[in-house]
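Throughout, a chain's letter reflects where its sequence line sits, starting with A, and its residues are numbered from 1.
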Amino acid sequence: TTRTPEFLGLDKSDDLVPQANTGSDVVVGVLDTGVWPERKSFDDTGFGPVPAGWKGACEEGKDFKATDCNRKLIGARFFSKGYEASMGPIDETRELRSPRDSDGHGTHTSTTAAGSAVTDASLLGFAAGTARGMATRARVAAYKVCWVGGCFSSDILAAIDRAVDDGCHVLSLSLGGGMSDYYRDSVAIGAFNAMEKGVLVSCSAGNSGPSASSLSNVAPWITTVGAGTLDRDFPAYVVLGNGKNYSGVSLYSGKPLPSSPLPIVYAGNASNATGGNLCMPGTLMPEKVAGKIVLCERGISPRVQKGYVVRDAGGAGMILANTDANGEELVADAHLLPANGVGEKAGDAIKRYLLSEMSPTATIVFGGTKVGVRPSPVVAAFSSRGPNVVTPEILKPDLIAPGVNILAGWTGAVGPTGLSVDSRRVEFSIISGTSMSCPHVSGLAALLKGAHPDWSPAAIRSALMTTAYADYPGGNGGLLDVATGKAATPFDYGAGHVDPRRGMDPGLVYDLTADDYIDFLCALNYTSLQIAAVAKRTNYTCDRKRTYAVSGLNYPSFAVAFETASGDRVGVATVKHTRTMTSVGGPGTYKATVATAVTGGEVKVAVEPAELSFTKVGEKQSYTVSFSAPSLPSGSSGFGRLEWSDGKHVVASPIAFTWT
Amino acid sequence: GEEKRQTYIVHMAKSRRPSTFAEHGHWYDASLRSVSSSAEILYSYDTVAHGFSARLTTAEAQALESLDGVLSVLPEVRYELH
């Protein structure tokens, strides 16, 4: 990626990874659409032999040879048996029965996580710079599990099985499949046993935001990653005939529009079809759009396809307006014709103009790449949100990372729009999604693994979470949510935005073992069979004499659920959580501070003890937090933050309160 | 016509393998064979899960579920890229 290394402070990576070759034995496995191995991001210059003990392979298949792997891309496999059993034989005119990526998504995610540095990278001149993955020294192994018709659980589980056996240290999965109990979820099952073998599993949170309770991949042994913006934009401006100017975004890079304004038409008035405003294939009347700029609205069909539909009908340009489903979130696309994506407000204003004028006109001016955009990051509207439906007492997502307009490596099989009519071929492309934020965290986890090989997956996640930031420099009310324009909450960003420089030296971590997670399953009243299905422990029975509590899981965040009192009872409920911190920074005395913000009532928080002293690395200290709250109406929520600091480190945990 | 088949992931209790089977794969195969004469194993899982996946009818899946050593029989789920 370009820009994200600077945005995350990785351009000063000598500080992050003191020993030049630290991390070169870390392998990031990416389960996705495969890989395009010829990309410069997989250049293995400077890499030594593959790590000892690596059992992976470079599987041959259609247009893919064993020699396509090297010392950077050390493994490539494909898993299609489940897909083909359900969907029929692979159509080799559309996709390849091999690890080769005919989609682009997998090349994008794998290069984001651990691509080598490539100078002079850009997409058609946009986002120019040196592109690199988060962990440039880490090795990559690609496991192709996603096909044109989807990603099937039998293939995914087989790939996790193989990736762990091959020797991957971090697994990156930018995919999801709704919400289900952990014992029914193949990703959760695979991730549990990967975790038990020391493998960190990072998954995307989903793109179903800003709706509440829209998360996927919420098992507590998974690192769940939401998405935020960078400080980079690709501005384009719509200049109307009345002189008014509206800004949007565009990655169009071709012949510009004529300097004189063109007629502009609302797609809904240039179509006889129901929903003509959406510019669906075959719905625009050429005689009404020829030579004009067409205002289309988002929905149903892919954004880039709408551009093609306008071009195919003879339109000269397109303004693609958000609706209330997208609000003001601007996602840039490399359209096939001059186009500009605008927010809902601008779209409404442009529509009012062109519907009120006899001869409305407009033009689009392209502004290239702009960096230093403030505020940034803001939570992406599409990023899935909590609360966690499966286990409300576990706060998810865990954190956010860059996921909007991310440049990274691309397939050679399709152009940057992915449309079959797009004959352009690019080394890099720019796309958005929690798919893009997930491999950022996977790569950063690989960096931490390289620097701290003895840290468990939970310790690495804890380091990334407790050092994440939830406010802008100077502190002015917290990270914003692009969906509302207002302050976001831990249900949107979890612990906050990842800050790898601080994550490298967190001071303390909240560690967890597989046994701790099994206690968690006992707290959920899982049966022996269900525990066995998740954790492969046959005949395991939870101890009837023990009191298991989800609040006892040593998680780096707090989700506190209060019950709403019924009838006339107006009592104060107290919920206690216990945690244990392990020193990874050496001697220090940490003091706790808590801040809360709850509308309609006050939550009192008591930390006992409020001061903890550590004398050496590895030492553990426990504390209890008591949350006391009045009864509030069901559906109420509030938030807070608990910080432990020794003056050098700040170990922060988000708190979310809910009343049910 | 033949009843419609779909893919299931069958989780097995590895430690419950009868001693008559030298390898888990043989046990998985025999378990599958006991409910279906035609179903084939798609994958055997051995590192992060124990078991296999196969195309089964609903009745075959239910029959498998009742076998000793079978922990769960989960229908295939389609995931999507984010």
Review point. When heavy-atom pairs shorter than 4.5 Å are enumerated against chain B, which of A:Ser153, A:Gly433, A:Gly177 gives the highest number?
Key: A:Ser153

**Study point:** Most chain B-contacting option - heavy-atom pairs closer than 4.5 Å, from A:Ala194, A:Ser216, A:Gly206, A:Ala163
**Key:** A:Gly206

Check your understanding: Which region of B:His82, side chain (C-beta onward) or backbone (N, CA, C, O), has a non-hydrogen atom less than 4.5 Å from a non-hydrogen atom of chain A, or is it both or neither?
Key -> both

Review point. After noting the C-alpha distance and the side-chain angles of A:Cys146 and A:Cys151, does the key distance pass the disulfide (SG to SG under 2.5 Å) rule?
Key: CA-CA 4 Å; A:Cys146 292; A:Cys151 328; 2.1 Å; yes

Review point. Within residues 527-536 of chain A, which positions have a heavy-atom distance to chain B below 4.5 Å?
Key: A:Leu529, A:Ala532, A:Ala533, A:Lys536

Review point. Measuring heavy-atom distances to chain B, does A:Ala205 have an atom under 4.5 Å in its side chain, in its backbone, in both, or in neither?
Key: backbone

Exercise for review: Can you tell which part of A:Val187 gets under 4.5 Å to a heavy atom of chain B, answering side chain, backbone, both or neither?
Suggested key: both

Check your understanding: Do NZ/NE/NH1/NH2 and the carboxylate oxygens of A:Lys55 and A:Asp165 come within less than 4.0 Å?
Key -> yes

Point to revise | Distance-minimising heavy-atom pair for A:Ser174 and A:Asp32 | key: CB-OD2, 4.1 Å

Review point. Which atoms of A:Ile156 come close to chain B, meaning under 4.5 Å heavy atom to heavy atom: side chain ones, backbone ones, both, or neither?
Key: side chain

**Study point:** Residues A:Tyr526, A:Tyr183; criterion ring pair (Phe, Tyr, Trp, His ring centres under 6.0 Å); working and verdict
**Key:** CA-CA 9 Å; A:Tyr526 268 40; A:Tyr183 65 88; 5.3 Å; yes

Check your understanding: Do A:Trp221 and A:Val201 come within less than 4.5 Å of each other through their side chains, counting heavy atoms only?
Key -> no

Check your understanding: Which answer fits B:Thr47, side chain, backbone, both or neither, if we ask what part of it has an atom under 4.5 Å from a heavy atom of chain A?
Key -> both

Exercise for review: Let me know if A:Asp166 has heavy atoms under 4.5 Å from chain B in its side chain, its backbone, both or neither.
Suggested key: neither

Exercise for review: Apply the test side-chain contact (heavy atoms from CB on, under 4.5 Å) to residues A:His108 and A:Ile431: give CA-CA distance (whole Å), side-chain angles for both, the deciding distance (0.1 Å), then the verdict.
Suggested key: CA-CA 9 Å; A:His108 201 280; A:Ile431 52 175; 3.4 Å; yes

Check your understanding: Considering only heavy atoms, which portion of B:Leu74 lies under 4.5 Å from any heavy atom of chain A: side chain, backbone, both, or neither?
Key -> side chain

Exercise for review: Pick one of side chain, backbone, both or neither for A:Asn539, based on which atoms fall under 4.5 Å of a heavy atom in chain B.
Suggested key: side chain

Exercise for review: Go through the atoms of A:Ser180 and report whether side chain, backbone, both or neither lie under 4.5 Å from a heavy atom of chain B.
Suggested key: neither

**Study point:** NZ or CZ of A:Lys81 within 45° of B:Tyr43 ring axis and under 6.0 Å
**Key:** yes

Check your understanding: Taking side chain as C-beta onward, heavy atoms only, is A:Arg385 less than 4.5 Å from A:Val379?
Key -> yes

Check your understanding: Hey, are B:Asp68 and B:Arg16 close enough for a salt bridge, meaning a charged N less than 4.0 Å from a carboxylate O?
Key -> yes

**Study point:** Largest heavy-atom contact set with chain A, pairs under 4.5 Å, which of B:Lys14, B:Glu80, B:Glu76
**Key:** B:Glu76

Exercise for review: Go through A:Ile160, A:Leu173, A:Asp155, A:Asp185 and name the one with the most non-hydrogen pairs under 4.5 angstrom from chain B.
Suggested key: A:Asp155

Review point. Quick one: OG1 on A:Thr223 to CG on A:Leu200, what's the gap to the nearest 0.5 Å?
Key: 4.0 Å

Review point. How long is the gap from CG on A:Asp161 to CZ on A:Phe79, to the nearest 0.5 Å?
Key: 8.5 Å

Review point. So which of A:Thr434, A:Thr109, A:Val145 has the biggest tally of heavy-atom pairs under 4.5 Å with chain B?
Key: A:Thr434

Practice item. Pick one of side chain, backbone, both or neither for B:Arg55, based on which atoms fall under 4.5 Å of a heavy atom in chain A. Key: side chain

Review point. Under a 4.0 Å N-O cut-off, is there an ion pair linking B:Arg17 with B:Glu23?
Key: no

**Study point:** chain A contact via B:Ile9 - side chain, backbone, both or neither, heavy atoms under 4.5 Å
**Key:** side chain

Practice item. Locate the shortest heavy-atom distance separating A:Ser384 from A:Ser208; write the atom from each residue and the value. Key: OG-N, 2.9 Å

Review point. So what's closer than 4.5 Å to chain B heavy atoms on A:Phe192: side chain, backbone, both or neither?
Key: neither

**Study point:** Salt-bridge contact A:Glu196-A:Arg537 (side-chain N to carboxylate O under 4.0 Å)
**Key:** yes

